[in-house]
Trainee: 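This is the structure I want to talk about, given as structure tokens.
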Amino acid sequence: MVTIRLTNSKTRKKEEFRPIDPSNVRMYVCGPTVYDRAHLGNARPVVVFDTLFRLLRHVYGAEHVTYVRNFTDVDDKINAEALRRQRAGAPGTLEELIRQRTEETIAWYHADMDALGALRPNHEPRATEFIGQMIAMTQGLIDKGHAYEASGHVLFRVRSYKDYGKLSGRSVDDMIAGARVEVAPFKEYPMDFVLWKPSSGQEPGWDSPWGRGRPGWHIECSAMAHELLGESFDIHGGGLDLQFPHHENEIAQSACAHPHGDFARYWLHNEMLQVEGKKMSKSLGNFFTVRDLLDQGIPGEVIRFVFLMTHYRSPMDWTAGKARQAEATLAKLRARIKSPDLHVGAKAPDDFVACIADDLNTAGAMALLVNYRSDHEVAGALNLLGFALQGRAEQLPSSSARALQVLTARLALARTGAMTTKDFTAVDALKSALTAAGVEVRMSKEGVELVPGPDFDPAKLEALQ
RNA sequence: GGCGGGUUGGCGGAGAGGUUACGCAGCGGAUUGCAAAUCCGUGUAGACCGGUUCGAUUCCGGUACCCGCCUCCA
């Protein structure tokens with residue numbers, strides 16, 4: 001059995017991973033708020049935890065791992081977008097427009113993350129499907145004295161949980177001293193946070209013991225994790241930005257609601273993404289979505305490869321240069337696998353698995369990968385990381401494949417002739433036309449080989465026939 | 001202001017208290033009609049200052065700089 005070691009944010013140490021139940025390893029990862037296209041930063045945790053998911057499946061068996069990632073579909077940004085559409089003349093009630101918006105965003109999200117080669121989690125619960133559980137949990141917290149009702153809101157009583165701040169290494173007093181947010185007047189204590197809040201007529205709402213309202217953000221993850229994974233589960237993941245306050249609040253709620261459970265035993269946080277050395281933000285104008293990159297012709301697997309080149313606990317800098325290098329490296333790796341069909345089920349080499357099992361050291365694993373000499377090792381490693389074995393060349397439409405065959409033969413013939421006549425003008429003309437179509441021309445003693453490159457243009461190629 | 005993280009060769013980026021990381025680029029060579037691709041060879045880097053040690057880039061302390069979270073955007 002491979003030993004997996006993970007850096008647990010809870011203890012700040014790299015620890016050996018021991019699942020509660022090896023026949024059902026359970027992981028929860030915070031998913032997106034579905035109000036708009038996922039930006040590149042949203043994709044990092046998806047790729048990181050997809051890698052962990054694949055590793056767990058490799059070690060414990062695919063049917064023995066349960067991965068849950070939620071969709072937050074109750075949020076003021078969604079409401080705002082729906083309202084904007086209604087004002088712009090879109091037909092339907094606000095509720096319908098909200099539903100429409102979340103449905104369409106989830107479809108985008110799926111399409112974009114599929115393109116990155118991320119497996120779908122076993123469960124993708126939507127907050128709106130678990131309102132009942134959230135209300136029950138909130139009521140339970142009130143009953144136990146961990147929460148209170150004030151001005152139509154229900155608030156969590158932070159001082160009732162002694163370990164509050166432990167995960168993020170903050171003391172409650174320090175946070176109050178440095179707080180920059182205005183404190184709502186109905187709070188008993190400045191750090192108390194909302195479990196339930198009232199909804200106006202326009203806002204989506206559900207009936208509750210505290211009137212028509214909607215849940216606060218943090219309670220959904222606690223309620224859904226409990227419902228789908230139980231009082232105690234193995235891994236909870238998300239971006240470092242969520243460590244405080246989101247995860248801190250999840251722990252407080254869950255620990256108080258289910259004092260006999262551990263909630264999550266291992267907490268994993270991925271560092272943030274930057275773009276060309278700077279934080280990606282709308283104000284800096286370097287903000288872009290996964291779809292933007294895909295539309296620019298950067299394949300999803302290249303994005304995935306770039307992400308894996310950096311360890312998940314280091315800030316990752318997205319640069320155009322890295323994308324180019326990743327694309328070239330990936331193409332080279334593929335070129336080594338002469339017969340992809342023979343390696344469909346190839347297992348990753350032991351040292352490769354061990355490297356990834358060591359706190360997801362994907363960057364180190366990449367170094368091993370580029371040095372494997374056998375097809376089978378390369379294929380196994382690519383399989384584990386979720387890369388297809390077939391590159392662009394094998395996925396060509398049949399018309400392009402035929403054109404390549406024809407042109408290979410023609411070039412070889414012209415070259416053989418030129419060898420004797422010493423007149424290479426025709427050969428060179430064909431070669432530059434092929435290069436212009438994005439095809440790499442390889443000529444050696446063994447013969448002629450045409451390899452479509454990243455800029456391959458099937459139309460130009462077929463025109464040459 | 002509070003809390004956390006980082007600083008490795010031209011670039012990217014790991015591990016390990018003492019032996020070449022690795023990749024890309026560069027340079028030299030082989031090969032090639034010319035190229036490309038490929039193959040071979042080539043780089044003693046570790047922010048700064050102390051400490052521990054026979055020995056530190058790796059451990060400890062401090063300094064500087066950078067970054068993130070605490071605030072809509074992850």
Side-chain angles (χ1 to χ4, degrees), chain A residues 7 9 12 30-33 35-36 38-46 72 75-77 80 165 167-182 191 238-248 269-274 277-284 286-287 289 306 308-311 313-317 319 321-329 331-333 335-336 354-355 358-359 361-372 415-425 427-428 431-432 434-435 439-446 448-451 453:
Chain A
T7 299
S9 303
R12 284 145 212 270
C30 291
T33 299
Y35 74 103
D36 204 353
H39 67 243
L40 192 62
N42 297 125
R44 170 114 112 137
V46 173
T72 298
D75 185 275
D76 290 346
K77 289 189 288 289
L167 177 75
S168 51
R170 296 151 196 249
S171 83
V172 172
D173 292 339
D174 287 346
M175 283 187 284
I176 291 171
R180 295 190 196 174
V181 272
E182 210 172 310
M191 296 307 296
L240 191 58
D241 55 313
L242 298 178
Q243 191 178 43
F244 185 87
H246 184 55
H247 291 162
E248 199 72 70
H269 293 98
N270 63 275
E271 251 287 2
M272 310 307 278
L273 175 123
Q274 300 182 328
K278 292 196 172 124
K279 176 182 173 167
M280 180 166 83
S281 74
K282 286 176 180 166
S283 55
L284 287 174
N286 62 353
F287 185 96
T289 64
V306 171
L308 295 179
M309 276 162 52
T310 300
H311 187 90
R313 288 192 303 109
S314 295
M316 216 235 35
D317 193 16
T319 66
K322 278 185 183 177
R324 273 195 302 276
Q325 189 176 320
E327 184 153 21
T329 305
K332 271 191 204 174
L333 289 169
R336 289 194 202 163
C355 195
D358 181 12
D359 201 26
N361 185 2
T362 52
M366 293 306 210
L368 294 174
L369 171 55
V370 296
N371 283 298
Y372 287 132
R415 181 160 169 266
T416 317
M419 297 282 220
T420 53
T421 63
K422 298 294 173 199
D423 176 9
F424 288 94
T425 47
V427 177
D428 288 338
K431 190 171 88 176
S432 32
L434 285 164
T435 307
V439 178
E440 191 185 296
V441 179
R442 299 180 186 176
M443 292 188 276
S444 68
K445 259 188 290 209
E446 284 73 41
V448 172
E449 199 182 352
L450 299 182
V451 183

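What you see below is based on every heavy atom in this structure, not just the backbone, and it leaves out hydrogens, waters and symmetry mates. In this text, all values refer to a predicted model and were calculated from it rather than measured experimentally. All chains are named by letter (A, B, ...) in the order of the sequence lines, taking the proteins before the strands, and each is independently numbered beginning at 1.
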Trainee: At their closest point, which heavy atom of A/His247 faces which heavy atom of A/Leu167, and how far apart are they?
Mentor: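 Here A/His247 and A/Leu167 meet closest at CB-CD2, 3.6 Å.
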Trainee: Whether the side chain of A/Arg415 engages the backbone of A/Val427 through a donor-acceptor N/O pair (distance < 3.5 Å, no angle test) should be reported.
Mentor: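 A pair under 3.5 Å: no.
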Trainee: Over all strands shown, is A/Lys422 touching base, sugar-phosphate only, or nothing at heavy-atom distances under 4.0 angstrom?
Mentor: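 The residue A/Lys422 makes no contact with any strand.
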Trainee: Where is the tightest heavy-atom contact between A/Leu242 and A/Cys30, given as atom of each residue plus distance?
Mentor: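 Closest approach of A/Leu242 to A/Cys30: CD1-CB, 3.6 Å.
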Trainee: What nucleic acid atoms does A/Phe244 come within less than 4.0 Å of, heavy atoms only: base, sugar-phosphate, or nothing?
Mentor: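 Answer is sugar-phosphate: A/Phe244 comes under 4.0 Å of backbone atoms only.
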Trainee: Select base, sugar-phosphate, or nothing to describe what A/Val441 touches, counting heavy atoms under 4.0 Å on all strands.
Mentor: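 Base contact.
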Trainee: Which sits closer to the 5' end of RNA chain B, A/Glu440 or A/Met366, going by the nucleotide each is nearest to?
Mentor: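 By nearest-heavy-atom nucleotide position, the 5'-most residue is A/Met366.
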Trainee: Under 4.0 angstrom, heavy atoms only, what part of the nucleic acid is A/Gln274 near: base, sugar-phosphate, or nothing?
Mentor: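 Sugar-phosphate, no base atom in range.
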Trainee: Counting side-chain heavy atoms from CB outward, which of B/C73, B/G33, B/G15 is closest to A/Asn361?
Mentor: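 Shortest atom-to-atom distance from the side chain points to B/G15.
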Trainee: Checking contacts here: which listed nucleotide (B/A21, B/G23, B/A14) is nearest the side-chain heavy atoms of A/Ala367?
Mentor: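 In terms of side-chain proximity for A/Ala367, the closest of B/A21, B/G23, B/A14 is B/A21.
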Trainee: Is there a side-chain contact between A/Lys332 and A/Arg336, using heavy atoms and a 4.5 Å cut-off?
Mentor: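 No, every pair of side-chain atoms sits at 4.5 Å or beyond.
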Trainee: Can you tell me if A/Thr310 touches the phosphate of B/G13, counting only side-chain N or O atoms and a distance under 4.0 Å to OP1 or OP2?
Mentor: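 Yes, such a contact exists.
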Trainee: Distance check, C1' atoms only: B/U8 and B/A14, in whole angstrom units.
Mentor: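 So the two C1' atoms sit 10 Å from each other.
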Trainee: So do the side chains of A/Thr310 and A/Lys322 get within less than 4.5 Å of each other, counting heavy atoms only?
Mentor: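 Yes, at least one pair of side-chain atoms sits under 4.5 Å.
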Trainee: Is any side-chain N or O of A/Asp428 under 3.5 Å from a base N or O of B/G33, one able to act as donor and the other as acceptor?
Mentor: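 Side chain to base: pair present.
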Trainee: Only pairs with both distances under 3.5 Å count, Watson-Crick or wobble alike; so what is the partner of B/U52 in this structure?
Mentor: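 Looking at the geometry, B/U52 pairs with no nucleotide.
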Trainee: Please give the nucleotide sitting opposite B/G1 as a Watson-Crick or G-U wobble pair, both distances under 3.5 Å, or none.
Mentor: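 Partner of B/G1: B/C70.
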Trainee: Examine the base of B/C11 for any acceptor or donor lying under 3.5 Å from a partner atom in the side chain of A/Lys322, and report the outcome as yes or no.
Mentor: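 No such pair is found, so the answer is no.
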Trainee: If only side-chain N and O atoms of A/Lys332 are considered, is one of them under 4.0 Å from the OP1 or OP2 phosphate oxygen of B/C24?
Mentor: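 Indeed, a polar side-chain atom of A/Lys332 lies that close.
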Trainee: To the nearest Å, give me how far apart CZ (A/Arg415) and C1' (B/C34) are.
Mentor: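 Going from A/Arg415 (CZ) to B/C34 (C1'), I get 10 Å.
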Trainee: Looking across every strand, which nucleic acid part, if any, lies under 4.0 Å from A/Leu273 by heavy atom: base, sugar-phosphate, or nothing?
Mentor: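 Base contact - A/Leu273 has a heavy atom under 4.0 Å of at least one base atom.
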Trainee: Sort out the partner of B/U38 for me: Watson-Crick or G-U wobble, both distances under 3.5 Å, none otherwise.
Mentor: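 Its partner is B/A30 (Watson-Crick or G-U wobble, both distances under 3.5 Å).
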Trainee: Using a 4.0 Å heavy-atom cut-off across all strands, classify A/Met272 as base, sugar-phosphate, or nothing.
Mentor: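 Base, at least one base atom sits under 4.0 Å.
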Trainee: Base, sugar-phosphate, or nothing: which does A/Arg336 touch, judged by heavy atoms less than 4.0 Å apart?
Mentor: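 The residue A/Arg336 makes no contact with any strand.
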Trainee: Using the C1' atoms only, state how far B/G13 lies from B/C34, rounded to an integer number of Å.
Mentor: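 The same atom, C1', in both gives a distance of 37 Å.
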Trainee: Look at the side-chain N and O atoms of A/Lys279 and state whether any lies under 4.0 Å from the OP1 or OP2 oxygen of B/C73.
Mentor: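 For A/Lys279, the contact criterion (side-chain N or O under 4.0 Å from OP1 or OP2 of B/C73) is not met.
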Trainee: Taking the side chain of A/His39 as its heavy atoms from C-beta onward, which of B/C73, B/G23, B/C34 lies nearest to it?
Mentor: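 Between B/C73, B/G23, B/C34, the one nearest the side chain of A/His39 would be B/C73.
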Trainee: Please report, rounded to the nearest Å, how far the P atom of B/C70 is from the CG atom of A/Leu240.
Mentor: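 Whole-Å distance recorded here is 10 Å.
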Trainee: Using a 4.0 Å heavy-atom cut-off across all strands, classify A/Thr435 as base, sugar-phosphate, or nothing.
Mentor: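 A/Thr435: no heavy atom of the nucleic acid under 4.0 Å.
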Trainee: In the structure shown, which nucleotide is the Watson-Crick or G-U wobble counterpart of B/A21, with both distances under 3.5 Å?
Mentor: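 Its partner is none (no Watson-Crick or G-U wobble pair with both distances under 3.5 Å).
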Trainee: Taking the side chain of A/Arg442 as its heavy atoms from C-beta onward, which of B/C73, B/G33, B/A37 lies nearest to it?
Mentor: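 Of all the options, the side chain of A/Arg442 is nearest to B/A37.
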Trainee: Work out how far the C1' atom of B/C70 is from that of B/G55, and round it to whole angstrom.
Mentor: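 Result for the C1' pair: 44 Å, nearest Å.
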Trainee: Let me know the distance between CG of A/Asn371 and C1' of B/U38, rounded to the nearest Å.
Mentor: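 After rounding, the gap between these two atoms is 15 Å.
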Trainee: Who is the Watson-Crick or G-U wobble partner of B/U63, with both distances under 3.5 Å?
Mentor: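 Pairing partner: B/A47.
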Trainee: B/G12 P sits how many Å from A/Asp317 CG, rounded?
Mentor: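 Atom-to-atom, A/Asp317 to B/G12, this comes out as 8 Å.
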Trainee: Nearest heavy-atom pair of A/Cys355 and A/Ala365: which atoms, and what distance?
Mentor: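 Heavy atoms only, the tightest pair is SG-N, 3.4 Å.
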Trainee: To the nearest Å, how far apart are A/Leu368 CG and B/C22 P?
Mentor: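 Computing the A/Leu368:CG to B/C22:P distance gives 12 Å.
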Trainee: Nearest nucleotide by nearest heavy atom, which residue falls closer to the 5' end of RNA chain B, A/Ser281 or A/Glu271?
Mentor: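 Nearer the 5' end of the strand: A/Glu271.
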